[in-house]
Amino acid sequence: MTNKDTMEVQILDCDYILLNNKKPVVRIFGKTKEGKSICVFYNDFMPYFYLHSKEGNYDEIKKKILKKYPDLQMEVVEKIIPMGYQPPSKILKITGTNPAKTPEIRDYVRMFGTPYEADVLFKYRFMADFGLKGMGWMEVEGNYIRTSTVKCAAFDAKSIKPLDKMENVPIKYMALDIECLPEEERIPTPDKDTIIVMSFAFSEPYKGKNDLVLLTKYAKGKNIVVCDDEKAMLERFKEIMDEYDPDIVCGHNINGFDLPFIVERMTRLGMSKDIGRTDKQAYCRKIQNGFIPYVSGRTIVDTYAIYKRDPWVRFKRYDLSTISDKMLGVSKIDLEGNMFEKIHDAWYRGIGLDKFVEYARVDAVLVKRLVIEKRLMDKFFEISKISGVLLQDSLGGQSQRHEVKLLREFFVRGYVMPCKPRNVSLEGQTLKGAIVLEPTVGFHEWVICLDFTSMYPSMINALNICTTTFMLDKSEKIDHYESPYGSKFVKENVRRGVIPSIVDEYLKSRAAVKKILKTETDKEKRRILDAKQLALKTLVNSLYGYTGYARSRLFLMDIANSITAWGRDTIIKTRELIEKNYKAKVIYADTDSVFLITDIKELDESRRFGSEISDFISDQLFGLDLKFEKTYKTFLIEAKKRYAGWAFEQIAGEWKGKIDMKGIETVRRDWCTLVSETMLETLNIILKEKDMKKATKFVRGIIKDLADGKIPLERLSITKGITKPFEEYNGMQPHVELAKKIVKRDKTRSVIGSRIEYVIIKGNQMLSKRAEEPKWVKQRGLQIDSDYYIHNQLLPPLERVFEVCDITPSELIEGVRQQNLLDILSGKKKKEPSPDEIVLKNYETIACKNCDWNFRRPSLTGKCPKCSGTLYFSDSGSIGKTVDFGN
DNA sequence: GGGGCACGGGG
DNA sequence: GTGTACGTGCCCC
């Protein structure tokens with residue numbers, strides 16, 4: 001007998017291969033404590049699934065199945081079917097040899113019953129049964145082996161067991177970016193264009209270098225490698241992957257662009273795409289929008305995908321430039337002007353080639369910095385460790401996280417997991433949402449906000465809500481909870497639900513982590529713990545959503561409905577209890593929070609009173625915990641889900657104030673910065689200084705500056721992209737019309753695929769024809785259309801704010817008229833306005849001549865949208881004047 | 001207030 | 001890969 005080695009490995013990825021086209025071998029990719037890449041083989045695990053027949057005539061079924069598939073192993077076992085509270089059932093366990101054959105077998109046996117767990121990926125089947133988790137640790141016992149199929153050390157395990165360890169092995173990152181040479185002006189496509197530059201940044205030096213640029217044209221400089229041609233460059237890239245051996249390869253929009261491009265180019269050049277840790281070919285699976293990457297043994301991280309989905313940060317745009325500017329305070333190298341021209345200049349004429357190379361390098365460096373300095377992966381490491389998904393999959397959607405976790409918990413408790421529902425329509429299956437009470441619209445002071453901590457999870461937990469406890473027969477005499485929706489769930493003394501157990505585990509675990517965080521001083525540990533509590537929070541909050549998701553394996557409409565119904569009841573009851581027992585009035589409530597006013601006008605006292613109320617409510621409501629959240633010194637509510645307030649929270653005993661905004665957006669893509677900034681400042685004045693006069697004056701000042709042309713063009717410009725050929729746009733859009741103009745003016749410029757920055761200038765044409773480039777406007781000294789900015793950009797969002805404070809729009813505009821008068825008085829040259837200018841200046845409402853329709857702003861077509869009739873301004877001074885929108 | 005529709009990021 | 005996975009914001013009724 002040979003000596004066996006034992007070692008501890010952290011799991012990064014997992015797949016399987018078929019040995020001699022017969023037997024599966026599971027391969028677990030990971031790293032040893034020392035940070036060495038290793039691939040652990042395990043060859044004693046077979047694919048299986050279950051078949052449930054209501055008739056239970058399994059002997060007969062077995063015979064029939066064996067006739068078609070003689071190699072299958074079958075045995076009848078006892079398992080619990082989780083859809084509805086029911087006793088264990090006899091079920092047929094079907095074990096095969098080739099995981100890839102399972103779908104075929106599954107579809108065949110459907111005629112005998114319902115298959116269970118027949119669509120679980122083999123790697124997850126294995127991991128669930130062995131208790132292994134993505135980013136988790138395992139102890140393996142066995143021997144090193146020699147194989148040509150994997151590029152790292154290979155180890156044949158005789159036994160594998162999970163380990164409970166929190167730390168992470170050092171992870172090697174590599175950032176990657178490619179530059180291409182588009183034949184014509186458009187985004188490059190791999191079927192026509194080539195890769196000309198590849199840049200890299202490394203988390204630990206590769207051959208002493210922190211970054212590297214490969215290119216297929218002669219250039220000199222630091223960390224540059226010149227390659228003969230594209231194929232040679234891609235070969236060099238493969239060498240780098242093999243030699244550096246990154247765990248994580250990141251890039252900005254790498255899933256949507258760089259990786260699919262590289263893979264496709266390699267295919268076309270007849271290269272082997274083994275850029276992972278094995279000889280497996282890399283591929284990108286096309287989905288709705290973009291791709292899902294697969295590189296064996298490594299994780300592909302897309303900073304674009306991560307930031308776009310991060311609920312904690314919101315940007316106007318998610319390009320690398322904006323994100324690195326906001327997150328790192330540094331900008332990308334600006335190639336200035338037309339990208340297509342710059343690339344061609346650099347490549348064919350050698351103009352700005354050095355800058356182009358640096359541009360590529362910086363892109364990779366910025367991505368690396370974003371991932372490492374912002375600790376972007378910490379949360380995903382923890383999501384993997386908690387739910388069990390592999391790291392690559394932790395970057396995907398919520399449902400897989402829950403499925404993997406549920407499969408594991410079901411396995412342990414003797415339940416089988418249903419297959420994913422086939423061809424479900426998401427329509428008609430919508431559940432009634434949470435309750436939002438009608439707000440007392442207006443400006444309030446000293447508003448106390450109370451929150452139910454994790455309301456839905458707490459209800460699942462307290463009322464044992466689960467598919468496994470859901471009573472199919474409501475008349476059965478068993479101890480149960482009944483939801484306001486009418487559904488019944490057996491009590492935990494009858495059977496504890498699986499979902500509630502998971503929720504409970506998540507909640508308890510999060511509380512424990514937060515408790516440790518209070519005293520933990522080690523920086524690295526704190527970081528992991530903080531990521532863990534954040535991961536637990538997202539997991540626990542989305543588990544409820546999974547139960548109400550029509551494509552969920554455990555979808556039961558009644559469950560989601562029961563939860564929200566219970567929630568609505570709770571909020572209504574809470575309001576009643578508060579108003580009946582305390583001197584307080586609830587002015588607003590949404591889902592799991594209530595806002596109330598009392599006669600307290602002091603922070604500490606408001607907290608004390610808020611807590612007293614919360615404790616009382618928590619006592620009355622079983623299993624739920626209402627907590628004092630914050631006090632708003634001032635609070636302005638426009639409508640449901642639209643409010644702003646000066647919120648005070650106690651952090652480490654100290655009151656910290658900040659402006660809270662919900663629904664009142666200050667960052668919107670189609671607003672110029674002037675609007676966002678004015679909006680923010682106005683809210684600041686109203687909320688912090690309670691000085692309506694000052695706020696009004698401030699806005700009037702801005703309006704005056706606008707009318708005077710004092711606002712710089714940069715603060716007025718709006719940016720939108722041209723994404724498709726002009727013909728494909730229907731309707732009139734300013735940036736599209738401008739793009740057409742640009743092309744007409746300069747035949748050499750093509751605009752498709754580029755972003756158009758525009759301002760609206762004065763004139764009597766319809767709005768969309770009056771968009772102009774800021775540069776053009778500056779050069780020619782054109783005037784911007786201040787009226788457009790006042791009425792269409794600035795005022796609509798501000799009006800709503802002032803309206804709830806009882807300031808009418810006309811009070812705001814007054815200043816403009818005064819200003820015009822002032823101009824005249826101060827001797828400014830008076831220009832006789834053309835009739836069209838009067839028209840465009842004085843409108844407040846626009847009405848249709850034919851029907852009774854009227855509008856706040858001119859329609860884009862210049863015709864009545866209801867009946868296509870002619871429009872006129874119904875405002876004072878210009879009644880009856882027909883509108884000329886230039887068409 | 002709900003539903004349909006378009007668009008993102010990348011060169 | 002035992003596949004078939006978006007989210008958001010805008011515009012229009």
Side-chain angles (χ1 to χ4, degrees), chain A residues 15-16 24 47-49 96 98-107 115 117-125 177-190 193-197 251-261 280 283 285-292 294 302-305 307-309 311 314 316-323 335 338-344 347 356 359-360 363 393 395-400 403 419-420 422-423 427 430 433 436 549 551 639-641 665 668-670 720-724 728-731 733 753-755 859-860 865-866:
Chain A
D15 72 356
Y16 78 95
Y48 68 86
F49 68 96
N98 182 355
K101 271 264 167 72
T102 312
E104 184 195 318
I105 301 165
R106 173 232 294 155
D107 291 336
E117 303 186 8
D119 55 358
V120 175
L121 261 35
F122 188 58
K123 56 188 178 189
Y124 281 122
R125 165 84 284 156
D177 181 46
I178 63 169
E179 310 298 329
C180 307
L181 186 64
E183 268 180 12
E184 46 190 287
E185 186 169 10
R186 49 165 163 69
I187 292 298
T189 71
D193 308 319
T194 58
I195 306 172
I196 51 175
V197 178
H252 198 65
N253 200 22
I254 189 172
N255 291 347
F257 184 75
D258 303 66
L259 197 65
F261 205 108
K280 247 191 198 172
Y283 64 87
R285 245 178 57 219
K286 183 90 188 94
I287 49 155
Q288 292 285 34
N289 178 58
F291 302 83
I292 291 174
Y294 185 76
D302 188 339
T303 47
Y304 165 69
Y307 274 105
K308 212 180 68 172
R309 292 205 308 211
R314 277 272 87 99
K316 233 180 186 168
R317 302 186 51 213
Y318 291 89
D319 56 336
L320 183 57
S321 182
T322 305
I323 296 177
L335 283 185
N338 186 288
M339 188 79 177
F340 176 75
E341 286 161 23
K342 293 289 157 185
I343 297 172
H344 277 244
W347 218 247
F356 184 55
Y359 166 88
D363 272 11
D393 297 327
L395 300 161
Q398 298 283 350
S399 56
Q400 194 171 21
E403 281 181 11
C419 294
K420 278 187 200 165
R422 295 174 302 163
N423 49 46
E427 301 145 49
T430 50
V436 186
Y549 171 53
R551 273 199 279 263
K640 282 179 179 181
K641 301 204 185 269
E665 296 263 14
R668 269 177 50 169
R669 273 166 174 263
D670 57 337
K720 279 187 180 172
I722 300 290
T723 52
K724 53 189 177 186
E728 287 174 34
Y729 282 94
N730 33 19
Q733 290 190 56
S754 65
R755 320 197 127 266
S859 71
L860 288 171
K866 204 175 166 189

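Sequence lines set the chain letters: A, B, ... in the order given, protein chains first and strands last, and positions in each chain run from 1.
Using a 4.0 Å heavy-atom distance criterion, A:I292 is classed as a base contact. Within the 4.0 angstrom heavy-atom criterion, no nucleotide atom of any strand lies near A:K286. Across all strands shown, A:F356 has no heavy atoms under 4.0 Å from either base or sugar-phosphate atoms. Counting any heavy atom pair closer than 4.0 Å across all strands shown, A:L181 reaches no nucleic acid atom. Contact annotation for A:D363: backbone-only contact, meaning every heavy-atom pair under 4.0 Å involves sugar-phosphate atoms and none involves a base. If you check every strand for non-hydrogen atoms under 4.0 Å, A:D177 touches sugar and phosphate atoms only. Contacts of A:P47 with the nucleic acid, taken as non-hydrogen atoms under 4.0 Å apart, include base atoms.
One can find a donor-acceptor pair under 3.5 Å joining the base of C:dG1 and the side-chain atoms of A:Y283. For A:R285 against C:dA5, a side-chain-to-base donor-acceptor contact under 3.5 Å is present.
A:N253 and A:Y318 share no donor-acceptor pair across their side chains, judged by distance under 3.5 Å alone.
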Let's test your reading of the pairing rules: Watson-Crick or G-U wobble, both distances under 3.5 Å, then write DNA chain B as a dot-bracket string with ( ), [ ], | and dots. ||||||||...

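If you take CG of A:D107 and C1' of C:dT4, they are 14 Å apart, rounded to a whole angstrom. A straight line from CZ of A:F291 to P of B:dG9 spans 17 Å, rounded to a whole angstrom.
The ring of A:Y283 has its center closer than 6.0 angstrom to the ring center of A:Y294.
Neither OP1 nor OP2 of C:dT2 sits under 4.0 Å from any side-chain N or O of A:K420.
Look at the C1' atom in both C:dT8 and C:dT4: the space between them is 23 Å, to the nearest Å.
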